[in-house]
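What follows is a set of notes on a single structure, which appears directly below.
Below, all heavy atoms of this structure are taken into account, side chains as well, without hydrogens, waters or symmetry copies. In this chain, residues are counted from 1 in sequence order. In each ligand, atom 1 is the first atom listed, and ligand 1 is the first ligand listed.
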Amino acid sequence: MGHKIKTAVLVSGGGTNLQALIDAQRDGSITSAEIALVISNQKDVYALKRAEAAGIPHETVLRRELGSREAFEGKIVSLLEANGIELIVLAGFLAILSEDFTRRYDHRILNIHPSLIPSFCGEGYYGLRVHEAALARGVKVTGATVHFVNEIPDGGEIILQKAVPVEAGDTPEVLQRRVMEQAEWQLLPMAVEKVAGQWLAGEGRA
Ligand code: GAR
């Protein structure tokens, strides 16, 4: 196997979506991309332990230590460049990236969001809050979306979506878990393989 798309995964928390990517790489369902770097914007999160256990280089970049957003994003860019990263996956990464950053990596950043965009998305909708909002609205179907990241929070081109039923008596935690199990952990590896595979096919033709 020749070139694989060098991929960085950006995280902020538990890293179950990162784990899904690591597992997909191991079981051969991702062959076009290679997870070459994990970056966390939070100290000591479980996602970093998952990276460590998988032998993947990992870094922590703290906004409050760096001061400005420019310095924070500048540090991330320097790590991405030093590691030759071509594709960036936001997997539960809860910082919003500036337009300078998203333009630099146009159609090279993927995000997973735990709803069917355009429902329950945009600034302020992250993690459990998304599921709280879905339950408050009384929707009977929710799901997850993988999309390219542009300057509009959760506004970039949609790559894959999967629907998940809401069930009577769901709490936000129960619904979050079902959306992860039935949608997110399948969708994110599929989307990474799809995008990376298309790039490699394009390179092959060039
Ligand atoms: C996931 O449900 C992900 O979709 C969500 O945060 C969780 C992270 O879990 N992301 C957002 O809400 C982005 N707006 P993980 O750290 O276990 O992958």
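- For ligand 1, the atoms lying closer than 4.0 Å to a non-hydrogen atom of H113 are 14 (N).
- Checking A20, S40, G127 against atom 12 (O) of ligand 1, the nearest heavy atom belongs to G127.
- An N or O contact shorter than 3.5 Å links T16 to ligand 1 by distance.
- Considering backbone and side-chain N/O atoms, G15 comes within less than 3.5 Å of an N/O atom of ligand 1.
- Without hydrogens or angle criteria, S78 side chain to K75 main chain gives a donor-acceptor distance under 3.5 Å.
- Where the criterion is an N or O separation shorter than 3.5 Å, residue side chain and backbone included, Q176 fails it with respect to ligand 1.
- For the pair T145 (side chain) and Q161 (backbone), a donor-acceptor distance under 3.5 Å is absent.
- Taken together through direct or relayed side-chain contacts under 4.5 Å among Ile, Leu, Val, Met, Phe, Trp and Tyr, L87 and L188 form part of one hydrophobic cluster.
- Contact record, D27 with S29: OD1-OG, 2.5 Å, taken as the closest heavy-atom pair.
- Residue I112 has at least one heavy-atom neighbour below 4.0 Å for each of these atoms of ligand 1: 4 (O), 10 (N), 13 (C).
- Classification of E167 and R178 as a salt-bridged pair holds, one side-chain N sitting under 4.0 Å from a carboxylate O.
- In this structure, of E184, R177, H131, E123, the residue bringing a heavy atom nearest to atom 2 (O) of ligand 1 is E184.
- For atom 6 (O) of ligand 1, the nearest non-hydrogen atom of the protein is G92 CA, 3.9 Å.
- Between N17 and ligand 1, at least one pair of N/O atoms sits closer than 3.5 Å.
- The protein non-hydrogen atom at the shortest distance from atom 11 (C) of ligand 1 is P114 CD, 3.6 Å.
- Every N/O-N/O distance between M180 and ligand 1 stays at or above 3.5 Å.
- Between E59 and L48, the closest heavy-atom pair is O-CD2, 4.1 Å.
- Using a 4.0 Å cut-off between a side-chain N of Lys or Arg and a carboxylate O of Asp or Glu, E81 and R104 qualify as a salt bridge.
- Ring geometry for H107 versus F148: interplanar angle of 30 to 60°, hence tilted.
- At least one heavy atom of Y125 sits under 4.0 Å from some atom of ligand 1.
- Ligand 1 is never approached by V11 to a heavy-atom distance shorter than 4.0 Å.
- Donor-acceptor pairing under 3.5 Å is lacking for the side chains of D100 and S98.
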